[in-house]
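Here's the structure, in structure tokens; my notes come after.
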Amino acid sequence: MSRFFSDKFSSLEAYTPGEQPKDMKYVKLNTNESPFPPSPKAIEYASRAAESLQLYCDPECTRLTEEFSKLYGIKKDEVLFTNGSDDALNFCFSAFCDDETPAAFADITYGFYPVFAQMNRVPFTEIPLNEDFTINVDDYIGINKTVFIANPNAPTGIALPLYDLERILQSNPDNIVVIDEAYVDFGAQSAVGLIHKYDNLIVTQTFSKSRSLAGGRLGMAIANSSLIRDLNTLKYSTNPYNVSSMTQAAGVGTIIDDDYTKKNCAVIAENRGYLTNKLEELGFTHTPSVSNFVFAKHPELDGGELYRSLKERGVLIRHFTKEKIRDYNRITVGTKEQLDILLKNIKEILQEARA
Ligand SMILES: *Cc1c(COP(=O)(O)O)cnc(C)c1O
């Protein structure tokens, strides 16, 4: 830290993204990216957009908003596009939390929430999950704070049914509830249909996971128009050009080719079943994931050891050092071929550990 760095950030601990090593080619199952390339339409549209990069992009994301609102059955002023959904989540912490209205989220959830809270200098409460890593809904009833829930949660993959989300929304009518649906397309129920029923609901989603555009950086907040106006005020006060023209075009191409996304999600759901069955056969236990990753541990293997041994063998998974979850690893559901390489290596590691 230089002597010029503001005191207000002296204790800020930045988010640690999953590694993207370039030293060799890994079977990459560590950051929940899609194993499939973007839709050919997305590539075609983005390439065409590249020809006009001398111009600023459309700050209103007009075409993207039209196509997206049609697909989702919402009005055009009920969505805001952002530079990945992280951008939208950051705006939510900034817009809807302060000293009088702290943030609340689970102790085991997306690691960016506490960072956004600190960055925006808002107090926050971390609410412990149950032993089995489920959310105790009663903890959130009438909590009087701005609530952030990843649904399905990360890194557990466990989802709450809409019924439980509605109880939280109903019991906190004067507070915003943000539902982070980064992984919703892999099998959970979406809360988007509730944005007219609850004026305190904001749903964030992303093109990074199910839509194969992690490097494009495209996310969105979906809510009633007055909440979207608030978020727009922050966007236009930060960077009106937060979604590049190539990314807007890639987004349009992806939406037009929505069947491609649906097909890929079905393959991932099938592969998730394959992976969990094979892991169980090898003695692993895991949480009931409806996401594109599996959160698993083995009684004979240390979580960190398994992660390191697999990395040496060219397979990357994600290990977290937090006390409560350090026995576990989060494994992204890849292609069958990738999973077979992973499983073969785990078998060998197990054999070595037992020898
Ligand atoms: C990946 C992820 C996001 C956001 O990713 P972006 O690439 O910024 O859209 C948000 N929440 C959770 C829980 C995630 O895992």
Side-chain angles (χ1 to χ4, degrees), residues 14-20 28-35 38 42 61 64 68 79-94 103 105-117 119 126 129 133 135 147-160 165 177-188 190-192 202-222 231 235 238-239 242-244 247-248 250-251 254 261 265 268 272 287 289-295 317-318 320 322 325 329-333:
Y15 178 71
T16 315
E19 50 191 335
Q20 305 281 2
K28 205 170 166 307
L29 304 173
N30 68 326
T31 49
N32 297 344
E33 290 143 330
S34 172
C61 301
L64 182 58
F68 184 82
V79 59
L80 169 79
F81 287 97
T82 52
N83 192 305
S85 58
D86 288 339
D87 200 22
L89 290 163
N90 186 35
F91 286 153
C92 289
F93 275 91
S94 183
F105 41 83
D107 63 339
I108 305 295
T109 187
Y110 188 35
F112 231 133
Y113 300 159
V115 179
F116 286 140
M119 186 70 191
E126 294 180 286
L129 294 179
F133 295 127
I135 284 175
V147 173
F148 291 80
I149 294 179
N151 198 50
N153 197 13
T156 64
I158 300 173
L160 282 177
L165 297 181
V177 177
V178 178
I179 307 296
D180 174 353
E181 295 189 347
Y183 300 104
V184 76
D185 296 332
F186 302 105
S190 173
V192 168
I202 298 177
V203 179
T204 62
Q205 288 191 3
T206 178
F207 279 59
S208 293
K209 315 284 168 47
S210 60
R211 296 185 169 99
S212 302
L213 282 184
R217 313 304 302 129
L218 183 58
M220 54 274 186
I222 304 158
L231 295 173
K235 160 177 157 150
T238 317
N239 178 8
N242 60 343
V243 182
S244 81
T247 295
Q248 292 184 35
T254 305
T261 296
C265 290
I268 294 296
R272 180 180 64 217
T287 54
S289 171
V290 286
S291 190
N292 69 336
F293 54 84
V294 172
F295 196 53
I317 58 176
R318 186 93 193 251
F320 299 91
K322 222 174 185 177
I325 53 172
N329 276 287
R330 192 194 68 192
I331 307 168
T332 303
V333 178

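Every number for a ligand or one of its atoms is a count from 1 in the order of the listing.
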Could you tell me whether Glu33 and Lys209 have a side-chain N and a carboxylate O separated by less than 4.0 Å? no
Taking 4.0 Å as the limit for heavy-atom contacts, which would you say applies to Asp86 with ligand 1: side chain only, backbone only, both, or neither? both
Should the proximity of Phe207 to ligand 1, defined as any heavy atom under 4.0 Å, be assigned to the side chain, the backbone, both, or neither? neither
A student checking ligand 1 against Ser208 at a 4.0 Å heavy-atom cut-off should list atoms 6 (P), 7 (O), 9 (O)
Which of Ile179, Val79, Val203 passes side-chain contact (heavy atoms from CB on, under 4.5 Å) with Val192? Answer is Val203
Tell me the protein heavy atom at minimum distance from atom 9 (O) of ligand 1, and give that distance in Å. Thr206 OG1, 2.5 Å
Proximal ligand 1 atoms for Ala182, defined as those under 4.0 Å from one of its heavy atoms: 2 (C), 3 (C), 10 (C), 11 (N), 12 (C), 14 (C)
Looking only at protein heavy atoms, identify the closest one to atom 11 (N) of ligand 1 and say how far it is in Å. Asp180 OD2, 2.6 Å
Thr332 side chain to Asn32 main-chain N or O, any donor-acceptor pair under 3.5 Å? yes
Pro38 side chain near Arg211 side chain, heavy-atom distance below 4.5 Å: no
Looking at Gly84, which atoms of ligand 1 are within less than 4.0 Å of one of its heavy atoms? 8 (O), 9 (O)
Among all protein heavy atoms, pick the one closest to atom 15 (O) of ligand 1 and tell me residue, atom and distance. Tyr183 OH, 2.5 Å
Is there a heavy atom of Gly219 sitting under 4.0 angstrom from any atom of ligand 1? no
Students often mix this up, so state it plainly: with edges at 30° and 60°, are the rings of Phe295 and Phe133 parallel, tilted or perpendicular? perpendicular
Just verifying a value: how many Å separate Thr156 OG1 and Ile135 CD1, rounded to the nearest 0.5 Å? 7.5 Å
Closest to atom 3 (C) of ligand 1 (judged by heavy-atom distance), picking from Gln205, Lys209, Arg217: Lys209
Under 4.0 Å from ligand 1, counting heavy atoms only, is it the side chain of Ser85, its backbone, both or neither? both
Tyr113 vs Phe116, test: ring pair (Phe, Tyr, Trp, His ring centres under 6.0 Å). Steps then yes/no. CA-CA 5 Å; Tyr113 300 159; Phe116 286 140; 7.5 Å; no
From CA spacing to verdict: ring pair (Phe, Tyr, Trp, His ring centres under 6.0 Å), Tyr183, Phe293: CA-CA 9 Å; Tyr183 300 104; Phe293 54 84; 4.9 Å; yes
